[in-house]
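One structure is given below, encoded as structure tokens.
As the structure is a prediction and not an experimental result, all values here were calculated from the model. Values reported hereafter were calculated over all heavy atoms of this structure, with side chains retained and with hydrogens, waters and symmetry mates removed.
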Amino acid sequence: MKKIPPRQSRIALYTSLFCLGLINNSAVADVTDIERIIVTGSRSVESIEEVPSSVTLIDNKTLSRDMQISSELQNMLAFRVPGMAPSTGTSSNSGQTLRGRKALVMIDGVPQSTPLRNGQLGIRSIDPSAIERIEVIKGATSIYGNGASGGIINYITKQASSGDKANIELAASSKFSPVKFEDSAGYRYNASINGTLDKVSYVLNGSVEETGLEYDAEGDIIGLIYGLSETKSQNLFTKLSYDFDGEKVLQLTYNYYEAQQNADLLDVTGSVNSGVKTYAIKNSGGNKPGVPQGPSGNHNLMLKYTDEALFDNTQLTLDAYYQEIENMFFYSAALANPSEGYDGGQSLIRSNKRGLRINFNTVVDWDNVAATFIYGIDALNDISSQPLHDGRIWVPEMDMSNLAAYLQTKWVIHDDWIVKAGLRHDRVDISVDDYTTLKLCSTSATCSVPFDVTGGELNFTSTTYNLGLRYSASEYISPFVSFSQGADISDLGSLLRTATVNDISLIQTQASIVDNYEVGFAGRYQDLGYQFAAYRSTSELGTSNKYDAQTGVYMPVRSPQKIWGYEAELSYQLLDNLGAGLSYSWVEGKDTEKDSYLDGQVISAPKFTTSLNWQPVDEANITVNYLYVGDRKRFEQLDGQYVGAQGPISAYNLINLSGSYQWKQWQFSLGVENLLNQDYYSARSQAYTYKGYNTKGLGTTVNVGVKVHF
């Protein structure tokens, strides 16, 4: 075996130190300006230039600038990630798909999504002040198991600095509406400390934020369904590491997050079909039904042990984690049952996960070939359900055990050709007790029929594969091609709660294999960087919804799907202190059995973004972000009405502005969301015809802040 090439060695040196927390973030940033690194795509540190698929990396500097405008992660991701649907402007990422499919949201590799009953609330699961960077891997993948049919969004949390001196940061900001100032002012406080004492490194971060009333461009309070008005969120993040000998590290991480809307407001409900918006008014008296919506206290506990030299050229990583999630939905009249005295109801998703991962990483170097073998075992127990706050059971408890073995390989040939290949075998067992579906009434005369369903065991096995090739001899152009599969257990909870049979074995609960094909290229010429990718994904059992007029319930429909699209990105350094970037995303999809287009729950409208970043002096920075969402009008009215998520989407534009000034250890910032006070409905608000969803977007909102380091 020959000596590892300098390029490989340099990446290995810095990234190993980064993962161990032995060098600070600024040092890593200097290296990754040349060779950016990620950990999500293969569960091991690698250069982004060696990944034969599309990756978006949002670094800490970009996150900090975006936070000057808003702390909402769903807004940041929608703007920064090509292929991700536009933001909903709410606490929910329903309809905010990644390349037309659902993404698995993770914190340091631990799933935050609840695939067994996907409430699509996972994006808001941590405060951005605790995040160092975000890695987004696009396209179906099984590397982390169920729920990643569209890709992975991984929040990589902050690492401790290496110096003996503690690094302390305090920040405060206030956000308000100049459209209508009344009760709109909110506040946000953040405090963090990190450092290293001998062999112990630590990160402590706490934040609290409370929003005021959120107004649209016309000065009306935005509606309550997944609303953000008068929401209080709290996040406590702790990471402690002990370095035994420079090669063995034990790390404990805990994250607590809650964000509840406790607003004394009532909705005035409109509809897409009438053209009348939904907005909220202050409650003038009487009891408001329901309890505060949002995460009532989500806990993540992770214990990680790393041995950089278990054997020659082999690294061992052991991960054990525990997660407890409880997300409360909004109060809905759709959960009514007048015959039993229920005028409506409020559901919540409960999920408890326990997991253990054993991961080995072996690097072997032959003449002109450097090979990496990543292999191990995943074990997961996920118990999820969706009861109602009043005690009724909508989705029974689903107890899933998942055991998987995997092998991922990477071959770097002559420093220029990168070949990646791998497989994963999953065994999934799900237990469901006997249950009765709920009787739900959209009107007193239109009710679903309850069924007594015999429970039992559901068993799945799947083997998925991936293969990719990238050529990186020239910095001017680096083409790639890849094939990857993901095993997706459909949103099982929605299938169970709408059952129309008396035995669970008769429900169409089969897992679906998603095949993803991608071809693209990336490169750089002087100050111009560019990237392009085209993709196609197919699945034999995709899931969509169809309205049942007899029961007033939207029933899941499983049928084959095909989704295709493309993305393009450009970045250009116009001057030493002036840079620009732009992106364009287009996606489309069909039910191939019916040859009909997929609706707005799945497929998003075209999206164009551009960003201009100017540093007029060393101490100051100004950023302008522009978003354009295009038309998508694929569906006709039925009996004079648009139904489901088939409303027509008309184009709209948004401009956001942020600026900061650094004075000694102080930073002063100003952010303006929707600078021109554009009066618009989000893409989801236009597509969703469901009652109460057609709320307008946020009007002009100003965010002023101050931050100090010492």
Side-chain angles (χ1 to χ4, degrees), residues 72 88-92 94 119-121 124 175-177 180-187 208-216 218-234 258-271 274 276-298 326-350 386-394 438-444 552 685 688 690-699:
E72 296 299 331
T88 65
T90 69
S91 63
S92 167
S94 172
Q120 301 178 74
L121 298 168
R124 296 179 82 249
K175 190 167 67 172
F176 60 89
S177 170
K180 187 175 182 180
F181 184 76
E182 179 186 357
D183 296 328
S184 71
Y187 64 85
V208 58
E209 180 173 5
E210 185 165 359
T211 62
L213 296 179
E214 293 206 330
Y215 294 102
D216 62 25
E218 297 178 314
D220 291 318
I221 303 171
I222 297 173
L224 298 179
I225 293 182
Y226 302 115
L228 293 170
S229 289
E230 296 185 339
T231 295
K232 185 174 183 179
S233 60
Q234 299 181 76
E258 67 171 276
Q260 292 189 288
Q261 184 191 46
N262 192 11
D264 193 18
L265 302 169
L266 297 172
D267 267 345
V268 178
T269 305
S271 75
S274 68
V276 177
K277 71 180 179 183
T278 294
Y279 63 97
I281 58 174
K282 294 182 179 180
N283 186 10
S284 59
N287 294 326
K288 181 177 179 290
V291 297
Q293 63 173 305
S296 59
N298 295 349
E326 192 166 287
N327 279 327
M328 184 70 69
F329 288 90
F330 54 89
Y331 186 87
S332 174
L335 298 174
N337 183 350
S339 64
E340 295 184 12
Y342 296 107
D343 296 327
Q346 200 167 3
S347 71
L348 65 149
I349 289 180
R350 285 199 183 108
Q386 189 178 15
L388 268 61
H389 183 257
D390 56 35
R392 290 178 287 169
I393 300 299
W394 198 9
L438 277 183
K439 178 182 179 181
L440 301 177
C441 303
S442 57
T443 68
S444 58
S685 290
Y688 280 26
Y690 314 123
K691 186 176 181 181
Y693 277 79
N694 65 318
T695 57
K696 286 196 172 182
L698 187 67

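Counting only heavy atoms from C-beta outward, the side chains of M328 and S296 never approach each other to under 4.5 Å. Side-chain contact between P387 and L348: present, with at least one pair of heavy atoms (C-beta onward) separated by less than 4.5 Å. Put simply, the side chain of W394 reaches to within 4.5 Å of the side chain of L335, judged on heavy atoms. The closest side-chain heavy-atom distance from R392 to L438 is below 4.5 Å. Looking only at side-chain heavy atoms (C-beta outward), T278 and L224 stay at 4.5 Å or farther from each other. Side-chain contact between D343 and Y331 is present, with at least one heavy-atom pair separated by less than 4.5 Å. Contact check for Q261 versus S91: no side-chain heavy atoms found under the 4.5 Å cut-off. By the 4.5 Å heavy-atom criterion applied to side chains, Y215 and E182 are counted as neighbours.
Put simply, CG on L698 and CD on E72 are 10.0 Å apart, with the number rounded to the nearest 0.5 Å. A distance of 8.5 Å separates OG in S92 from CZ in F330, rounded to the nearest 0.5 Å.
With hydrogens and angles disregarded, no donor-acceptor distance shorter than 3.5 Å links the side chain of T231 to the backbone of T211. At least one donor-acceptor pair closer than 3.5 Å links the side chain of S229 to the backbone N or O of E214. In this structure a side-chain-to-backbone donor-acceptor pair under 3.5 Å is missing from Q260 to K232. The closest donor-acceptor contact from the side chain of Y226 to the backbone of L121 lies at 3.5 Å or more, if one exists at all. D216 contributes a side-chain N or O that, together with a main-chain N or O of E218, makes up a donor-acceptor pair within less than 3.5 Å.
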Might you work through the side chain to side chain contact (heavy atoms under 4.5 Å, CB included) test for E230 and N262, ending with a clear yes or no?
CA-CA 6 Å; E230 296 185 339; N262 192 11; over 6 Å; no

Applying side chain to side chain contact (heavy atoms under 4.5 Å, CB included), run through Y279 and V268 and close with a yes or a no.
CA-CA 5 Å; Y279 63 97; V268 178; 3.8 Å; yes

Any chance you could lay out the side chain to side chain contact (heavy atoms under 4.5 Å, CB included) test for N327 and N298, step after step, and finish with the verdict?
CA-CA 8 Å; N327 279 327; N298 295 349; 3.6 Å; yes

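Under a 4.0 Å N-O distance rule, the pair K439/E340 does not qualify as a salt bridge.
Closest non-hydrogen pair, Q293 versus F329, comes out as CB-O, 3.7 Å. Here the closest heavy-atom approach between residue S233 and residue A259 is recorded as CB-CB, 3.6 Å. Shown here for A263 and K288, the closest heavy-atom pair between the two residues is O-CE, 3.2 Å. Of all heavy-atom pairs spanning G270 and S274, the tightest one is C-OG, 4.4 Å.
Of the residues listed (I222, N283, I221), the one engaging L265 in a side-chain contact (heavy atoms from CB on, under 4.5 Å) is I221, and it is the only one. Here the rule is salt bridge (Lys or Arg N to Asp or Glu O under 4.0 Å) with K282, and of D267, D264, D183 only D183 fits it.
T88 and T90 form a side-chain donor-acceptor contact under 3.5 Å, judged by distance and modelled atom types alone. Remark: the E210 side chain and the Y187 side chain contain an N/O donor-acceptor pair separated by less than 3.5 Å.
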